Amino acid sequence: MDKKRTFFIWLMMAAFVTMLAYLFGATWWLAIIIGVLVVAAIVGGATGFMYWKQKKLLESAAKFNIDLKNGKINPADLRRMYFSGGKARTDALFIASRAMNCSVQEAERQLSTKMTKQSAQQEMAKIQGKQNSKQKRWGTKLR
């Protein structure tokens, strides 16, 4: 939402709470103060809660060597986080769904598949093939 729409919604919430306070017998100036304070408390509480949840997610990911602030997500670390279970599993699903731009169900399907030795070797060969094509194209060696 843009800032104008957000401000309008906050204003409407304050007007509603002010009207309720006035109908329950508060004076008009006290009703306005009550409306503004209630909306400020709601917005502040929601902002604090979201900050706290984000901090917990960053701490949970840091335990598995995933740096979300810089966007460094190693698929192996994400899979390790997923298979550890508990809250880390739900956090891994959330991170994977955001990183892959897909639904949580699709992320779970991709993370839950066990990687065999052959599929891991094929994946490494594909990655090395991409690196070799970059070297040939640019004439430099990547190390």
Side-chain angles (χ1 to χ4, degrees), residues 1-135 137-138 140 142-143:
M1 280 195 294
D2 58 343
K3 290 189 182 222
K4 287 183 181 179
R5 185 177 293 164
T6 304
F7 181 74
F8 182 72
I9 290 172
W10 291 350
L11 187 64
M12 291 284 95
M13 286 173 47
F16 179 75
V17 172
T18 300
M19 175 112 45
L20 284 178
Y22 186 72
L23 289 175
F24 281 116
T27 59
W28 65 270
W29 57 271
L30 185 60
I32 291 173
I33 291 172
I34 290 171
V36 170
L37 288 178
V38 166
V39 171
I42 290 170
V43 170
T47 304
F49 179 73
M50 293 305 293
Y51 174 78
W52 177 74
K53 291 288 281 184
Q54 183 180 18
K55 185 178 175 184
K56 288 290 190 185
L57 179 66
L58 290 173
E59 289 172 359
S60 176
K63 290 178 186 175
F64 293 95
N65 198 25
I66 297 173
D67 186 12
L68 294 177
K69 286 184 179 179
N70 296 326
K72 296 180 181 176
I73 302 172
N74 187 348
D77 292 333
L78 192 61
R79 289 176 65 81
R80 187 168 50 95
M81 185 177 183
Y82 175 77
F83 285 114
S84 68
K87 177 73 173 131
R89 182 184 189 117
T90 57
D91 289 344
L93 287 173
F94 178 75
I95 293 168
S97 68
R98 296 293 181 211
M100 294 186 284
N101 293 328
C102 64
S103 66
V104 175
Q105 291 82 13
E106 177 66 26
E108 184 169 20
R109 186 169 45 244
Q110 289 183 7
L111 285 176
S112 65
T113 58
K114 293 277 187 178
M115 187 170 274
T116 62
K117 186 175 182 180
Q118 182 181 7
S119 63
Q121 288 173 348
Q122 289 173 350
E123 189 69 28
M124 283 301 295
K126 189 186 331 178
I127 291 171
Q128 288 175 352
K130 287 181 183 179
Q131 287 178 349
N132 289 338
S133 68
K134 285 180 184 177
Q135 288 175 0
R137 186 174 21 173
W138 295 103
T140 60
L142 299 175
R143 290 186 187 211

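The chain is numbered in sequence order, starting from 1. All figures in this text were calculated on a predicted structure; none of them were measured in a lab.
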Side chain to side chain donor-acceptor pair (under 3.5 Å) partners for T47, two or more places apart: none
Interatomic spacing from CG in L57 to CD1 in I95 - rounded to 0.5 Å: 4.5 Å
Give, for atom OH of Y22 and atom CG of L30, the distance between the pair rounded to the nearest 0.5 Å. 12.0 Å
Is any side-chain heavy atom of R98 less than 4.5 Å from a side-chain heavy atom of F94? yes
If you count heavy atoms of other groups shown closer than 6.0 angstrom to CE of M100, is the number above 12? yes
Minimal heavy-atom distance between A107 and C102, with the atoms involved, is N-SG, 3.8 Å
Name the residue from N74, D91, L78 that meets the side chain to side chain contact (heavy atoms under 4.5 Å, CB included) definition with I66. L78
Just verifying a value: how many Å separate T90 OG1 and M81 CE, rounded to the nearest 0.5 Å? 8.0 Å
Do you know the tightest heavy-atom contact between A99 and I73? CB-CD1, 4.1 Å
Closest non-hydrogen contact found for M13 with V39 is C-CG2, 3.6 Å
Rounded to the nearest 0.5 Å, what's the gap from CD on Q54 to NZ on K69? Could you check? 8.5 Å
Which atom names give the shortest non-hydrogen contact between E108 and Y82, and what distance separates them? CG-OH, 3.3 Å
Donor-acceptor under 3.5 Å (S97 side chain, L93 main chain): yes
CG (L23) and OG1 (T18) are apart, to the nearest 0.5 Å, by 11.0 Å
Could you state the interatomic distance from CZ (F7) to CE (M12), rounded to the nearest 0.5 Å? 10.0 Å
